[in-house]
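Take a look at the structure set out below.
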Amino acid sequence: GPFENSVMEMESAYYQDNLNTYGVPLDNRADFTKLDWSMWVAAMGTDDQFNAITSTTWAFADSTTDRVPLSDWTYTSTPTMAGFQARPVMGGIYAKLLMP
């Protein structure tokens, strides 16, 4: 692949260590994430890391009171959408299917 396994392992461990209740923050500047990005990150990890990250995505979808098509821009400490909804980027939820 384009990256050495050690890079993917380091990134995946970092993301798992920084999980909030409803996802992995994109960076340290804000408490939001992109669900499609989270699924790509999860797909790079071990099965345990995949399960940990995807379970936060499920927790968001199951807990949100926002009654709109699934948002891809959400907060990670509350089950609230930050914006965007029903966008094609949500195809990222299938990222695991593309990994070897």
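With sequence neighbours excluded, no residue forms a ring pair (Phe, Tyr, Trp, His ring centres under 6.0 Å) with Tyr75. Thr76 pairs by the side-chain hydrogen bond (donor to acceptor under 3.5 Å, both in side chains) definition with Asn20, Asp31, not counting sequence neighbours. With sequence neighbours excluded, the residues satisfying salt bridge (charged side-chain N to carboxylate O under 4.0 Å, His left out) with Asp27 are Arg29. Looking at residues two or more places apart in sequence or on another chain, you find no side-chain hydrogen bond (donor to acceptor under 3.5 Å, both in side chains) involving Asn28. Shown here are the side-chain hydrogen bond (donor to acceptor under 3.5 Å, both in side chains) partners of Asn18, two or more places apart in sequence or in another chain: there are none. Scanning for side chain to side chain contact (heavy atoms under 4.5 Å, CB included) contacts around Thr21 gives an empty result, with sequence neighbours left out. For Ser63, there are no side-chain hydrogen bond (donor to acceptor under 3.5 Å, both in side chains) partners at least two apart in sequence or on another chain.
When all heavy atoms of Trp73 and Ser71 are compared, the closest pair comes out as O-OG, 3.0 Å. When all heavy atoms are compared, the tightest approach of Gly23 to Pro25 is O-CD, 3.7 Å.
Cluster membership for Tyr22 and Leu35, using ILVMFWY side-chain heavy atoms within less than 4.5 angstrom, is shared.
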Under 3.5 Å, sequence neighbours excluded: what are the donor-acceptor pairs made by side chains of residues 39-48?
from  : atom 1 : to    : atom 2 : distance (Å)
Thr46 : OG1    : Asp48 : N      : 3.4
Thr46 : OG1    : Gln49 : N      : 3.1
Thr46 : OG1    : Gln49 : OE1    : 3.4

For residues 6-13, which side-chain donor-acceptor pairs fall under 3.5 Å, sequence neighbours excluded?
from  : atom 1 : to    : atom 2 : distance (Å)
Glu11 : OE1    : Tyr15 : OH     : 2.7
Ser12 : OG     : Met8  : O      : 2.9

Would you tabulate the side-chain donor-acceptor contacts of residues 82-99 under 3.5 Å, counting partners in other chains and residues two or more places apart, or write 'none'?
from  : atom 1 : to    : atom 2 : distance (Å)
Arg87 : NE     : Asp72 : OD1    : 3.0
Arg87 : NE     : Asp72 : OD2    : 3.3
Arg87 : NH2    : Asp72 : OD2    : 3.0

Next item on the list: Report the C-alpha distance between Trp37 and Leu26 in whole Å, list the side-chain angles of each, state the deciding distance to 0.1 Å, and finish with yes or no for side-chain contact (heavy atoms from CB on, under 4.5 Å).
Entry: CA-CA 8 Å; Trp37 172 82; Leu26 277 172; 3.5 Å; yes
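Between the Ser55 side chain and the Ala52 main chain, a donor and an acceptor come within less than 3.5 Å of each other.
Listed by first and then second residue, the salt bridge (Lys or Arg N to Asp or Glu O under 4.0 Å) pairs that reach into residues 57-71 come to none, sequence neighbours excluded.
Within the 4.5 Å cutoff, the side chain of Phe60 has heavy atoms near those of the Leu70 side chain.
For the residue pair Ser38 / Thr33, a side-chain donor-acceptor distance below 3.5 Å is found, with atom types taken as modelled.
Taking Ile, Leu, Val, Met, Phe, Trp and Tyr as members and joining any whose side-chain heavy atoms lie under 4.5 Å apart, directly or through other members, the hydrophobic cluster of Val68 also contains Met81.
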